[in-house]
Protein chains: 2
Amino acid sequence: MIKDEINWSILLLLQQNARLTNAEIGRRVGLSSPAVTERIKKMEDLGVIKGYAANIDHRATGHQLKAIVTLKVFSGRLKPFLEIVRGFKEVVNCYRITGVENIIMEVILFDQNHLEEFIDKVIQYGETRTHIILSNVVENREIQRNTRKRV
Amino acid sequence: MIKDEINWSILLLLQQNARLTNAEIGRRVGLSSPAVTERIKKMEDLGVIKGYAANIDHRATGHQLKAIVTLKVFSGRLKPFLEIVRGFKEVVNCYRITGVENIIMEVILFDQNHLEEFIDKVIQYGETRTHIILSNVVENREIQRNTRKRV
DNA sequence: AATGAAATCATTATCCA
DNA sequence: TGGATAATGATTTCATT
C-alpha cells in the first residue's frame, strides 16, 4: 500500500519520467533528496515499483506492425505454450485471460511476412485471431490515486 | 533508425533499467559519459525513445482487477468514443484495431463494482466484451535488434 | 568522441522531532 | 520512524581539443 500523498506524487512523477533525479523529485514534492531516495528504495523493496523502462518507438526499430493476437488453446496445449511463448521475442506482453480465448498477446513485428511466420509458430497451440493495431488512442497512462467514491 | 550496435546496447539497457546513470551505461558499452548523454539525447529528439516510465504494481495501488475490454463500436459513435476515452482514468492502453471489434482497451480497476461502472460508461458507444486478466505470462519485454533472416 | 573544470547529484553519517 | 543537514564521492554539463 502507498503510505501517503507524497508517495503518490513520487509515483506519478516516476511514471511520467523515470529519469528524474531524486533531487528534482524532492524539489517538486517538498522533501530533501535523501528522503526521496529512501522512499523510492522502500517502494522498490516492497514491489510497489517493479522497474523502470524506456519506451521505444517500434517503428524506429524497424518494426512496421503491431498486433493483438488471441489464442483459444487446444486441450492439453496450454502448458507447453506457456513455456515456449517466453522465448518468442515478438511477444512484448502476454496474458492469461477469462473468456472464450485463453491467451492474449501484444506482438511487435517487422512486416507481414514476420506476422505470417509468427502465426505459423503459435497455430499449433490453438486457434488464433489477429487484430492489427491501427493507432494508439491512449498509451501507457499512469496509474493514479483512487479519487472515486467507494461503495 | 538506430545508428549502430552501441545505440542498440544503450536502448536495451534503458529498457531494462531506465534509471541507470549515463556514466554506468558508458562503462557497460565502452563510452565516456558525455558521449552516452549525447547519443541518448539524439535518440530522444528523433523520437526513438518516447519516454521513461516507472512500472507500478497495480495491486499495490489498491487495484484488484486488470481486464481487457474490446468494443464493437456502434455506427457513428467512434469519434465521440475516441474523445471521451482519453478521460477514462481506468484505461491505461487503448488501441484502434482491425477486425470485428474496433477498439481494444487495457483497464485497471479497483474491484468488480468498478468494472461494472466502467462497462456502464462504455456500453453506450458499442458492444463490449470483457476478459479478466488472470496472470502475466510475458510482461513488458524489451524490443530487440532484428536478428532473423530477412526475405 | 575524449578530456578537464565547474555545477549538480547521490550517498552516508549524524542529529533532531 | 522519518526527515534535515553536512561532507564526500560520483555524475552531469559545458567548453575545448
Side-chain angles (χ1 to χ4, degrees), chain A residues 1-57 59-62 140 142-147 150, chain B residues 1-63 110 140 142-147:
Chain A
M1 289 298 122
I2 285 91
K3 203 177 68 163
D4 57 18
E5 284 299 327
I6 296 182
N7 272 6
W8 274 105
S9 304
I10 293 173
L11 284 181
L12 188 58
L13 289 171
L14 284 175
Q15 288 182 91
Q16 290 164 348
N17 181 5
R19 272 174 83 78
L20 285 176
T21 62
N22 295 346
E24 177 59 28
I25 293 169
R27 258 172 248 124
R28 301 200 195 172
V29 304
L31 282 180
S32 66
S33 92
V36 172
T37 307
E38 200 179 325
R39 279 169 177 263
I40 291 177
K41 187 177 178 340
K42 208 163 277 174
M43 289 194 283
E44 289 170 352
D45 292 344
L46 288 172
V48 176
I49 299 174
K50 294 194 287 184
Y52 308 94
N55 213 265
I56 306 301
D57 185 343
R59 283 158 306 195
T61 57
N140 238 331
E142 311 90 41
I143 303 184
Q144 285 183 355
R145 205 187 175 320
N146 181 10
T147 51
R150 307 306 298 273
Chain B
M1 290 301 120
I2 285 90
K3 200 175 71 164
D4 57 18
E5 284 298 328
I6 296 183
N7 273 6
W8 274 106
S9 303
I10 293 173
L11 285 181
L12 188 59
L13 289 171
L14 284 175
Q15 287 182 90
Q16 290 165 349
N17 181 6
R19 272 173 82 78
L20 285 176
T21 63
N22 296 344
E24 177 59 29
I25 293 169
R27 259 172 246 124
R28 300 199 195 173
V29 304
L31 283 179
S32 68
S33 91
V36 172
T37 307
E38 200 180 325
R39 279 168 177 265
I40 291 178
K41 188 176 178 341
K42 206 163 280 174
M43 289 195 282
E44 289 170 351
D45 292 344
L46 288 172
V48 176
I49 299 175
K50 295 195 287 184
Y52 309 94
N55 214 266
I56 306 301
D57 185 343
H58 66 275
R59 284 157 307 194
T61 58
H63 298 81
F110 293 109
N140 237 332
E142 313 89 44
I143 303 184
Q144 285 183 355
R145 204 189 177 320
N146 181 9
T147 51

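Just so we're on the same page: letters track the sequence lines, and every chain starts at 1. Owing to the predicted nature of the structure, the values given are computational and were not obtained by experimental measurement.
Across every non-hydrogen atom of Ser9(B) and Val29(B), the tightest pair is CB-CG1, 3.8 Å. The heavy-atom pair separating Gln144(B) from Trp8(B) by the smallest distance is C-CZ3, 3.6 Å. Leu12(A) approaches Glu142(A) most closely through the heavy-atom pair CD1-CB, 3.8 Å.
Rounded to whole Å, the distance from CD on Glu24(A) to C1' on dT8(C) is 12 Å. Atom NZ in Lys41(B) sits roughly 10 Å away from atom P in dC14(D) (whole-Å rounding). The distance from atom CG of Asn7(B) to atom C1' of dA1(C) is 13 Å, rounded to the nearest whole Å. Atom-to-atom, CG of Asn22(B) to P of dA10(C) comes out at 12 Å; the value is rounded to the nearest Å. Atom CD in Glu38(B) sits roughly 14 Å away from atom C1' in dT16(D) (whole-Å rounding).
Residue Gln16(A) qualifies as enclosed at atom CD: its count of foreign heavy atoms under 6.0 Å is above 12.
Ion pairing between a basic and an acidic side chain is recognised when a charged N comes within 4.0 Å of a carboxylate O; Glu24(A) and Arg27(A) show such pairing.
Proximity note for Ala35(B) (side chain, C-beta onward) versus dA2(C), dT11(C), dT12(D): the nearest is dA2(C). Here the nucleotide nearest the side chain of Arg39(A), chosen from dG3(D), dT12(D), dA1(C), is dG3(D). Of the candidates dT11(C), dA1(C), dA2(C), dA1(C) carries the atom nearest the Lys3(B) side chain, counting heavy atoms from C-beta on. Residue Ser32(B) has its side chain nearest to dT3(C) when only dT11(C), dT3(C), dT13(D) are considered. In the set dT11(C), dT12(D), dT13(D), the nucleotide with an atom closest to the side chain of Thr21(B) is dT12(D).
Using a 4.0 Å heavy-atom distance criterion, Ser33(B) is classed as a base contact.
The residue among Arg27(A) and Pro34(A) whose nearest nucleotide of DNA chain C is located toward the 5' end is Arg27(A). A residue-by-residue look at Leu20(B) and Leu31(A) shows that Leu31(A) has its nearest nucleotide of DNA chain D further toward the 5' end.
Applying the 4.0 Å criterion to OP1 and OP2 of dA10(C), one finds that Arg19(B) has every side-chain N and O outside that range. OP1 or OP2 of dG2(D) sits under 4.0 Å from a side-chain N or O of Lys42(A).
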